[in-house]
Amino acid sequence: MEVTRRDLFKFTGLAAAGVVGASALAGCAPKTAAETATLADTGSADAGLPAFLQAPEPITDFADTREYDVVVVGAGESGLSAAHSAVAAGAKVACVQNIGTAQTTGNMGASVDTTKTDEAGIQACVAFLMEKNAYRSNRKLLEAWARNSYEAVTWWADTAAEGGAESKPYDSEREYNGYTYYLHANTYNHLEGAHNDAALAVCDAVAAEGVEFFFNSPAVQLYKEGERVAGVICETEEGNVLFKAAKGVILASGDCSGNQEMRDYYCPDLRGFKTMSPFRDGMGMMAGIWAGAQMTPVNHSKMVHGGGALTRLELPFLNLDIHGERFMNEVLSFAYLNNLMREYLEEYDFQNPMAAKFFTIMPANWVEIGEQWAAAHPNEVKFGVGNMKIPSEDQFVKGETFAELAANINAYMEVEEWHIDPIDEQTIVASIEAYNELCATGADGQFGKRADYLVPIEQGPFFAVPRGANSVPAVLGGLTVNENQQCLGAEGAPIEGLFAVGNASGQFYGGVDYPMDVEGLSIGRAITSGYVTGRYVAAL
Ligand SMILES: Cc1cc2nc3c(=O)[nH]c(=O)nc-3n(C[C@H](O)[C@H](O)[C@H](O)COP(=O)(O)OP(=O)(O)OC[C@H]3O[C@@H](n4cnc5c(N)ncnc54)[C@H](O)[C@@H]3O)c2cc1C
């Protein structure tokens, strides 16, 4: 890993050379089956528990000890926001980061514009998210986001802009239960590093405010005094360093999408989908669990995205799978598509994420038809998400005839190295012709799609849009917290001194999948929960 300008913020004595990452962490918890077996042989492993749930021996020998009011674990959106608001409230703050730079991902972060939205609108937004999260969210956490997000996200955007990372706003008006609420998001896809460019600028600003950053210093355990969490132990080049926290430790270490073992355990239906962020290794949450915190006790919501604008073209023409057959009612948000693709991943023994791909077959006049549909059913038909660009026809597979389209689909898969068996071209042609006949009947006797959408693929040239998200940006479980983001122990009592924010904290979501209906919710929530919690802990 390259040593970046962020290393300038490192304290002397914690010099960086290379990354203290996964290999260094291997000593903290038994990881492999062999190690687990050895533990079992000696009788010290808890039978049936996965390795990451087994607490290691507490580290008691420290190369150095440093004293702070607040220690933040992780320099992503939630951590930088927590560090800022804690230092702004007068606390002495350290932020420890596992890799050599501040790091996050994404495009947009959303807020409820409370300068325009009235009380009923705020509650309607919360009610909408409760529904989208299958009524398994902690409602108070959703409400905290709705009330505080505008202030937090505006602070983030202003700070990033001062550092040269200017956002583009994305504003929209929504309605639920007859009430209107207004969403405001900052987007960064126009910058080379997208939201991470903003994070780097915010990191500079927060360091200038007085937060002390320690890079290449992964938190590997929490330090307890009695029942109270009183600090964080980090692995550094110098050895284990104890960062004591007089007021509290804030875990802002993100989710566990980069940790295969945790992912398989908490979200087994993600098997076969691609990992996007190895730096989200779940280590911070593990340390929390070993200190008595509880992981969200229900199955974790998955976020399966990737594939850019093509995957987000939600126009319900005809979808054909990797066998050239129609397989679904095409009216479905891309966020939920992954649930239909699992059986295809299984065909390839969960070894080829491209098996989760499919093609949307469209006629030449797709824009005109799509716009008519979108006017009638704006929640079902989308050309993209937020202010993401609509894909151009250059990105589609094209054919003057169905047969040519079929041949070009196979050629495309080969050029793009999908490593998927060629599709029988006659099957593709037959599927399109059968679909056109179905449309002529005016009723979808195959998958029950709304009759409005039964428009035949008639006008050439014809297009096939390669779609299907197959990557995992996040696993949304996290540690259970109360409305102050304070971690809860086994009996539900708050753990003194321990807080979790952003994706390291749970019970904000709850559905099978992350809802894409409030675009940028995940980043907006990370910034907001950090912002509010840093201030809260500093005031303790
Ligand atoms: C490609 C991509 C695009 C996305 N686009 C969007 C989008 O447009 N809108 C949206 O809302 N969401 C988006 N998401 C999801 C979004 O990025 C995350 O939900 C959000 O960044 C979470 O913020 P966080 O602060 O909780 O965690 P993170 O941003 O993951 O930050 C956690 C930080 O903690 C560090 N860390 C981890 N473990 C340790 C440890 N043991 N010790 C010290 N440091 C540690 C990590 O390196 C990281 O820097 C996207 C995700 C991906 C992968």
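In listed order, ligands and their atoms are each counted from 1.
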A.B. asks: Looking only at distance, does M303 have an N or O less than 3.5 Å from an N or O of ligand 1?
C.D. replies: no

A.B. asks: Once you measure the plane-to-plane angle for W155 and H84, does it fall in the parallel (<30°), tilted (30-60°) or perpendicular (>60°) bin?
C.D. replies: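 W155 and H84: parallel rings.
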
A.B. asks: Determine whether the aromatic ring centres of residues F334 and H305 are separated by less than 6.0 angstrom.
C.D. replies: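 Close enough - the centres of the two rings lie under 6.0 Å apart.
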
A.B. asks: Do E131 and Y176 make a side-chain contact, defined as non-hydrogen atoms from C-beta onward lying under 4.5 Å apart?
C.D. replies: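 Yes, their side chains come closer than 4.5 Å.
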
A.B. asks: Between L498 and L251, is there a side-chain heavy-atom distance shorter than 4.5 Å?
C.D. replies: yes

A.B. asks: State whether the shortest distance between N or O atoms of T105 and N or O atoms of ligand 1 falls below 3.5 angstrom.
C.D. replies: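 In this structure, T105 places an N or O atom under 3.5 Å from an N or O of ligand 1.
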
A.B. asks: Quick one: which ligand 1 atoms are inside 4.0 Å of a heavy atom on M276?
C.D. replies: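 Atoms satisfying the 4.0 Å criterion: 1 (C), 53 (C).
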
A.B. asks: Do we see a donor-acceptor contact under 3.5 Å between the side chains of R280 and T105?
C.D. replies: yes

A.B. asks: Return the option from T187, I527, I523 holding the heavy atom at the smallest distance from atom 11 (O) of ligand 1.
C.D. replies: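 Ranked by closest heavy atom to atom 11 (O) of ligand 1, first place is I523.
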
A.B. asks: Decide whether an N or O pair under 3.5 Å exists between A219 and ligand 1.
C.D. replies: yes

A.B. asks: Side chain, backbone, both or neither: which part of Y188 comes within less than 4.0 Å of ligand 1 when only heavy atoms are counted?
C.D. replies: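 No part of Y188 is near ligand 1 at this cut-off.
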
A.B. asks: Would you say ligand 1 has an N or O under 3.5 Å from any N or O of S277?
C.D. replies: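 In fact, backbone or side chain, S277 has no N or O that close.
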
A.B. asks: If you measure every N or O of S522 against every N or O of ligand 1, does any of those distances drop under 3.5 Å?
C.D. replies: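 For ligand 1, there is an N or O atom that lies under 3.5 Å from one belonging to S522.
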
A.B. asks: Atoms of ligand 1 less than 4.0 Å from G502 heavy atoms?
C.D. replies: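 Counting from 1, the qualifying ligand atoms are 26 (O).
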
A.B. asks: Any side-chain heavy atom of R525 sitting closer than 4.5 Å to one from S505?
C.D. replies: yes

